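Shown next, in structure tokens, is the structure this report addresses.
Everything numeric in this text was worked out from a predicted model, so none of it was measured. First listed ligand is number 1; within each ligand, the first listed atom is number 1.
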Amino acid sequence: MLSDGEVQRVLVIVAHPDDVDFSAAGTIAGWTDAGIEVVYCLVTDGDAGGHDDAMRREDMAPLRRKEQTAAAACVGVSDLRFLGYPDGRVEATLGLRKDLARVIRQVRPDRVVCPSPERNYVRIGIGHPDHRAVGAAALDAIYPDARNPYAFPELRADEGLEAWTVREVWLPGGPALNHYVDITGTFDRKVAALRAHESQTGHMDGLEEFLRTRLAATAAAGGLPEGHLAEAFQVMDTA
Ligand SMILES: [Zn+2]
């Protein structure tokens, strides 16, 4: 596994606004504190989200971009790329692979965080179809598309984007969790980031307690001392 000192840039690829904040915002706050540059790539604008039937649906996408931008600021991230795919209808197409390979070649990250392409049989929300599609397309974009100069050759010919090899992938909620990050010190910023998604979390009265309970259980599963909080990942060597 790479030490954080070997990492200059991290690219986080997610399906929806708020995914990164539920799964990894505490870890990301630690990375930006350490001087690592973090970029978010959001495949959809979360335009099928929200709880307020009175709200015009066409207002949802711009609202959620704004909320995600505010949430990112809570954990030191200011570079967000929105791909604008329709929420709830994402498929792992060649087009999405090319769009993600483009972002990978532009950002040139050492480490990528992306959803697992696997269905989760314990917590159904982890395996949302958009998450699985984005996870599958992201891993295909990491290998082989971004690193093979002859894959999507137009990226190089027309856009001047050279091949790039991502050295490590972190899957939050992956099927074989093998790394637990202690986020006790950044928990408050994770909560602030989640509260910034007002259209999604505004109705959750016990949000902080819910998170504290879940992240304490994650810490216990990772063997951390009592009273600590953690986020869990499956880390893959992709060099
Ligand atoms: Zn999601």
Side-chain angles (χ1 to χ4, degrees), residues 10-29 38-52 55 57 59-75 77 80-93 95-97 99-100 103 112-142 169-175 177 183 190-204 207 210-211 214-215 218 231-234:
V10 174
L11 174 63
V12 180
I13 298 171
V14 288
H16 311 116
D18 83 18
D19 289 351
V20 60
D21 297 301
F22 275 110
S23 62
T27 299
I28 287 162
V38 179
V39 176
Y40 289 174
C41 174
L42 289 108
V43 173
T44 82
D45 295 329
D47 46 289
H51 301 274
D52 182 0
M55 191 174 159
R57 293 312 301 176
D59 293 337
M60 188 53 75
L63 173 64
R64 296 204 67 189
R65 285 187 183 215
K66 216 174 111 194
E67 289 175 342
Q68 182 64 79
T69 303
C74 296
V75 294
V77 177
L80 292 83
R81 322 273 172 106
F82 293 93
L83 301 185
Y85 280 65
D87 184 1
R89 283 176 277 162
V90 181
E91 293 178 301
T93 59
L96 179 55
R97 280 169 53 180
D99 285 341
L100 293 176
V103 176
V112 166
V113 179
C114 67
S116 167
E118 307 277 335
R119 187 179 287 283
N120 186 299
Y121 288 99
V122 178
R123 282 171 45 205
I124 196 164
I126 292 179
H128 186 293
D130 288 353
H131 300 177
R132 287 184 280 130
V134 168
L139 291 177
D140 290 346
I142 288 162
V169 172
W170 289 37
L171 305 172
L177 300 172
I183 64 148
K190 178 183 175 87
V191 174
L194 281 162
R195 289 227 162 95
H197 296 281
E198 169 73 24
S199 67
Q200 307 304 301
T201 61
H203 68 294
M204 295 184 187
L207 176 66
F210 162 77
L211 291 167
R214 176 181 282 181
L215 299 170
T218 303
E231 291 170 338
F233 302 87
Q234 180 171 349

Worksheet entry | side-chain contact (heavy atoms from CB on, under 4.5 Å) involving P129 - partner list, sequence neighbours excluded | R132
Fill in: Side-chain ion pair, D45 and R65, N-O less than 4.0 Å
yes
Worksheet item: How long is the gap from CZ on R214 to CZ on F22, to the nearest 0.5 Å?
Response: 8.0 Å
Worksheet item: Would one find an N, O or S atom of H131, in either backbone or side chain, under 2.8 Å from the Zn ion (ligand 1)?
Response: yes
Item to complete: Answer yes or no for D18: is there an N/O/S atom below the 2.8 Å cut-off from the Zn ion (ligand 1)?
Response: no
Discussion item. Could you work out, with side chain to side chain donor-acceptor pair (under 3.5 Å) as the rule, every residue matching D59, not counting sequence neighbours?
Written reply: R56
Worksheet item: In H16, what N, O or S atom is nearest to the Zn ion (ligand 1), if we give its atom name?
Response: ND1
Practice prompt. Just give me the atom name: the N, O or S atom of D19 closest to the Zn ion (ligand 1).
Written response: OD1
